Trainee: 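Handing you this structure, nothing more for now.
Note that the coordinates shown come from a computational prediction; the quantities given were computed from them, not determined experimentally.
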Amino acid sequence: MAITLGGLATGMDTNALIDQLMSIERRPITRLESERKYLSSRLDAFSSFDGKLKDLKAKIDALDSDTEVRSYSVTTGSDEFFTATADSTALPGSYQLEVKNLAQLQKDVSGGYASKTEAAFGQGTITINGTAIAYDGDSLTGIMDKINAANTGDAATGVSASIINDGVTGYRLVLTGGDPFSPFSVGGSESVAGTYAAPTFSNVQAAKPATILLDNIEIQSASNTFSNTIPGVTFTVGKANAPGETTGVTVAVDQKAIADKLNAFVNAYNGVVQFVKDQADASWGKDSAFRSVTRRMQGFLTTAVSAAGSFNTLSQLGLKTEKDGTLTIDSTRLNDATAQDLESVVALLAGDGTSSGIAKEFSGYLDAITNSSDGILASRKTTTETSTRKIDRDIDRLEVRMGQREKVLRAQFTAMENLVAAMNSQSNYLAQQMTAIANLGGQ
């Protein structure tokens with residue numbers, strides 16, 4: 001191992017000198033590392049930009065179809081008896097609704113037994129809707145299983161069985177029908193008696209469909225939900241009215257829902273504009289992608305569509321571009337447009353079946369520039385990864401060179417220290433000899 005004197009002979013801090021020289025030598029590596037950091041930061045910026053654009057796309061996608069733009073609300077005089085919702089196919093109107101009764105399935109119950117697992121029944125059959133179900137030395141659970149097994153396939157009885165414990169008479173077999181429109185029949189016979197008497201059933205609840213009166217028109221349903229009784233409106237009944245008592249129902253355009261979607265779009269749009277502004281001071285702030293996107297977005301705002309209707313630009317819905325590029329929305333103007341001509345609002349945003357609406361066009365553009373294969377981020381990611389790999393290779397080569405260069409410098413400084421040490425030693429020897437000669441002359 002070579003000995004590093006570290007300035008013992010010269011008095012210089014050679015290690016510090018070498019470190020300073022190597023710092024100068026490493027400047028190309030430092031520049032490459034800075035470039036790599038820049039590329040990483042730029043890619044992070046484009047990743048955030050991609051996220052902003054995808055958020056904007058999600059908001060415009062909520063306005064690019066007929067069913068998404070059309071929003072209707074249902075108001076009722078009371079929610080005590082039913083709840084109501086409306087979809088995009090609803091039609092405005094006012095109605096009176098009375099809940100006559102809720103849906104219920106037929107239920108028949110047997111007498112009570114001390115055990116549900118004791119095999120105490122004799123031999124016999126239970127006939128449900130004409131289907132004979134035989135049992136022979138079964139338990140109550142066994143009979144239940146056979147009834148349920150018969151309620152499968154094409155020849156299903158339409159009746160299911162369960163067991164309850166009423167806490168008084170014991171375990172009881174409960175038969176439940178499957179259709180409130182279809183009551184079932186049950187009977188039985190026994191050929192061999194067992195410890196337990198053959199099950200006999202009494203009806204405790206009759207089958208009955210849910211029934212409402214809508215403007216005095218009787219309507220029935222197999223469940224407590226009524227769909228499209230009024231076009232696009234779903235009722236879920238929960239309690240019967242008193243006879244003759246009605247509840248008012250009003251279906252109208254839900255202006256707030258439409259406004260909320262457009263406001264969400266405006267906020268997301270402004271988020272993209274503000275993000276681009278925030279990049280202005282960064283070295284990548286002048287990237288052509290930022291300018292291209294903002295120009296194209298502004299173009300969509302002023303694009304006139306040929307779809308049928310009285311509106312052909314977003315400005316007619318109250319959207320306005322401010323001097324800083326952001327959007328604002330005049331809620332009064334928007335509400336007037338949706339209240340007076342919803343069809344034209346739908347055509348403008350979602351199209352009319354022949355021509356595409358602005359939202360559809362906008363969404364298609366955003367879909368292209370956020371595509372994971374060839375969108376803006378994908379393109380910048382590819383170029384960044386290529387450049388970064390080259391930088392890494394260059395740094396690796398320079399690091400090898402720097403290692404060799406440091407070895408050379410240390411060898412040179414060590415040689416210098418050794419030379420100076422030898423010269424110092426020779427100088428000391430000559431000084432000693434001269435002193436000795438001087439002493440001899442004095443004698």
Side-chain angles (χ1 to χ4, degrees), residues 61-106 156 158 176-184 205-262 307-309 335 337-354 357 359-360:
D61 281 349
L63 293 164
D64 69 351
S65 70
D66 183 292
T67 56
E68 289 171 316
V69 178
R70 292 180 189 277
S71 293
Y72 294 91
S73 62
V74 183
T75 55
T76 61
S78 169
D79 58 3
E80 180 181 359
F81 305 99
F82 60 89
T83 58
T85 58
D87 63 26
S88 61
T89 64
L91 296 174
S94 297
Y95 311 87
Q96 292 294 321
L97 189 147
E98 175 187 344
V99 180
K100 291 184 67 66
N101 59 263
L102 306 184
Q104 60 185 38
L105 299 172
Q106 178 180 341
T176 303
D179 184 354
F181 283 103
S182 303
F184 63 86
Q205 179 173 287
K208 185 186 299 183
T211 305
I212 62 174
L213 287 178
L214 183 65
D215 289 345
N216 288 320
I217 300 171
E218 182 173 286
I219 303 169
Q220 295 184 329
S221 171
S223 71
N224 289 324
T225 298
F226 293 77
S227 297
N228 288 319
T229 299
I230 299 173
V233 178
T234 298
F235 295 105
T236 301
V237 297
K239 180 182 177 181
N241 286 96
E245 178 186 29
T246 63
T247 302
V249 178
T250 301
V251 183
V253 174
D254 190 347
Q255 293 177 303
K256 183 178 183 303
I258 299 174
D260 286 347
K261 288 182 179 182
L262 276 168
N335 288 338
T338 54
Q340 295 170 13
D341 195 351
L342 179 61
E343 294 301 320
S344 292
V345 174
V346 172
L348 171 64
L349 294 171
D352 59 4
T354 302
K360 197 73 171 180

Trainee: Could you tell me which non-hydrogen atom of V253 sits nearest to which non-hydrogen atom of T338, and how far apart they are?
Mentor: CG1-O, 4.2 Å
Trainee: So do V99 and K239 actually touch side chain to side chain, heavy atoms under 4.5 Å?
Mentor: no
Trainee: For S78 and T247, work out which heavy atoms get closest and say how close.
Mentor: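 Reported closest heavy-atom pair: N-CG2, 3.6 Å.
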Trainee: Got L342 and Y72 here, is their nearest side-chain heavy-atom distance under 4.5 Å?
Mentor: yes
Trainee: Is the backbone of T236 close enough, under 3.5 Å, to the side chain of N224 for a donor and an acceptor to pair up by distance?
Mentor: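 No; zero donor-acceptor contacts below 3.5 Å.
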Trainee: Could you tell me which non-hydrogen atom of K208 sits nearest to which non-hydrogen atom of N101, and how far apart they are?
Mentor: CD-ND2, 3.3 Å
Trainee: Which atom names give the shortest non-hydrogen contact between S73 and D254, and what distance separates them?
Mentor: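 Scanning both residues, the minimum pair turns out to be N-CB, 3.7 Å.
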Trainee: Answer whether the closest heavy-atom distance between the side chains of T234 and T225 falls below 4.5 Å.
Mentor: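 Result yes, sub-4.5 Å side-chain heavy-atom pair found.
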Trainee: Check whether any side-chain N or O of Q104 sits under 3.5 Å from a backbone N or O of A206 as a donor-acceptor pair, and report yes or no.
Mentor: yes
Trainee: As a quick check of understanding, evaluate side-chain contact (heavy atoms from CB on, under 4.5 Å) for R70 and E343, giving each step before the final call.
Mentor: CA-CA 9 Å; R70 292 180 189 277; E343 294 301 320; 2.6 Å; yes
Trainee: What pair of heavy atoms forms the shortest contact from A210 to S223, and how long is it?
Mentor: CB-O, 3.3 Å
Trainee: So which heavy atom on L102 is nearest to which on G238, and how close?
Mentor: CD1-O, 3.4 Å
Trainee: May I ask you to decide if E68's main-chain N or O and K261's side chain share a donor-acceptor pair within less than 3.5 Å?
Mentor: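 Yes: the side chain of K261 pairs with the backbone of E68.
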Trainee: So, the side chain of Q106 versus the backbone of G177: is there a donor-acceptor pair under 3.5 Å, distance only?
Mentor: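 Side chain of Q106 to backbone of G177: no pair is present.
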Trainee: Are V249 and F235 close enough that some pair of their side-chain heavy atoms sits under 4.5 Å apart?
Mentor: yes
